[in-house]
Amino acid sequence: MSRAFNFSAGPATLPETVLRQARDELLEFPGAGASIVELSHRGPEFMQVAAEAEADLRTLLSIPDDYAVLFLSGGATTQQALIALNFAAPGQVADYVVTGHWGKTALKQVQPYVSAHRAADGEAGGFRDIPPRDDWRLSADAAYVHYTANETIHGVEFRDVPEVGDVPLIADFSSSIASEPLDISKFGMIYAGAQKNLGPVGVSVVIVRRELLQRAGQPRAPILDYAAHLQGESMLNTPPTYNWYLAGLVFKWMLAEGGVAEFARRNARKAAALYAVIDGSGGFYRNEVAAAVRSRMNVPFFLHDEALDAVFLDEAREAGLISLKGHRALGGMRASIYNAMPEAGVQALAAFMGEFQQRHG
Ligand SMILES: *Cc1c(COP(=O)(O)O)cnc(C)c1O
């Protein structure tokens, strides 16, 4: 068997120990006489899996008791729409800080429901920087302020939680949740699709201040109502049990590895190693994001000559380094280096990039 180092942005690489455990348990979940994927979500085995996943995530992220945790299907994009339905009155102003592709998506999802206001926007600068906090034009009567903690495509990451006063802060942490310690009490809600840093695609995590769930929001079906999901223990309908189970295994793995503080140290080293190769290449490689807001999770980069892109990808694959092609919106390359990417993988990529430059420079 030859597993490559996989730099995919999402669905993304998973810890090998987790995949092995899932394989070992696929035919029979210990003591159950069946696979966990074949059992009722209301049976004792899955109820235990679900309870442990929540408890482990609470430990991992130090989630305060006055925050609810939901495991939902629909991906991050669905949460982007549900935010408006649950927390804003029809047509109310909601502030959006747009620092890349996903911030734009978030805004687009709520346009039928709220008066979406671009309080800050990095688009004119090609999303290579985050507009300074002093330039944001926040609305006093906004239902909430939304931002994207890490822009997965543009490689732009907030290094601090922005101060927005009393208006609830809602953040898309899809591609950076659990990558470093975070003070959740600063947020009204954070959410993340699992397929970047938490597990397989098909389940999303919503962490929301309980008090916010009392807002009336807008007319909506119970299945679109976060309070109803909480009351139904994220089982209003059949939940994505296998994805939830796999995410639970990833949470246990992260705790065993030393938790988010340890991943923060590893992630800082991994990102520094890649940016060092890019910046030290004399222009052979380039990353155009302002240094202070470069993402630790997704490193987009360009070769000085586009004609080399295909060669780079072919030779990388031969060296056991896959999924480096950049998002079609930007072109070039992108290395996604989430928690499950070992430091050895980033070292291998850095070494390959150096050798590739020598051969083709
Ligand atoms: C991937 C991603 C999304 C979209 O997630 P889906 O689960 O496909 O809906 C949204 N925001 C960010 C920051 C992402 O990285």
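Whatever order the structure lists them in is the order used to number ligands and atoms, beginning at 1.
- Among all non-hydrogen protein atoms, the one lying nearest atom 2 (C) of ligand 1 is Lys196 NZ, 2.5 Å.
- Near Asn150, the atoms of ligand 1 lying under 4.0 angstrom from a non-hydrogen atom of the residue are 13 (C).
- Here Glu157 does not pair with Arg294 in a salt bridge; the nearest charged N to carboxylate O distance is not below 4.0 Å.
- If you run side-chain contact (heavy atoms from CB on, under 4.5 Å) between Leu212 and each of Phe87, Tyr67, Tyr226, only Phe87 comes through.
- The closest protein non-hydrogen atom to atom 5 (O) of ligand 1 is Ala76 CB, 3.4 Å.
- Through direct or relayed side-chain contacts under 4.5 Å between Ile, Leu, Val, Met, Phe, Trp and Tyr, Met297 connects to Tyr338.
- The Thr152 neighbourhood of ligand 1 comprises atoms 12 (C), 13 (C), 14 (C), 15 (O), with distances under 4.0 Å to a heavy atom of that residue.
- The protein heavy atom nearest to atom 8 (O) of ligand 1 is Gln195 NE2, 3.5 Å.
- At the shortest separation from atom 11 (N) of ligand 1 among protein heavy atoms lies Asp172 OD2, 2.6 Å.
- Geometrically, ligand 1 and Thr78 share no nitrogen or oxygen pair separated by less than 3.5 Å.
- Between Glu180 and Arg159 there is a salt bridge, since at least one side-chain N of the basic residue sits less than 4.0 Å from a carboxylate O of the acidic one.
- Nearest to atom 9 (O) of ligand 1 among the protein's heavy atoms is Thr77 OG1, 2.5 Å.
- Checked for salt-bridge contact, Lys186 and Glu163 miss the test: no charged N lies under 4.0 Å from a carboxylate O.
- The existence of a salt bridge linking Lys252 and Asp56 is confirmed by a sub-4.0 Å separation between a basic side-chain nitrogen and an acidic carboxylate oxygen.
- Side-chain heavy atoms closer than 4.5 Å link hydrophobic residues (I, L, V, M, F, W, Y) into clusters, and following such links, even through other members, never connects Ile337 to Ile153.
- In the vicinity of Gly75, heavy-atom distances shorter than 4.0 Å reach the ligand 1 atoms 7 (O), 9 (O).
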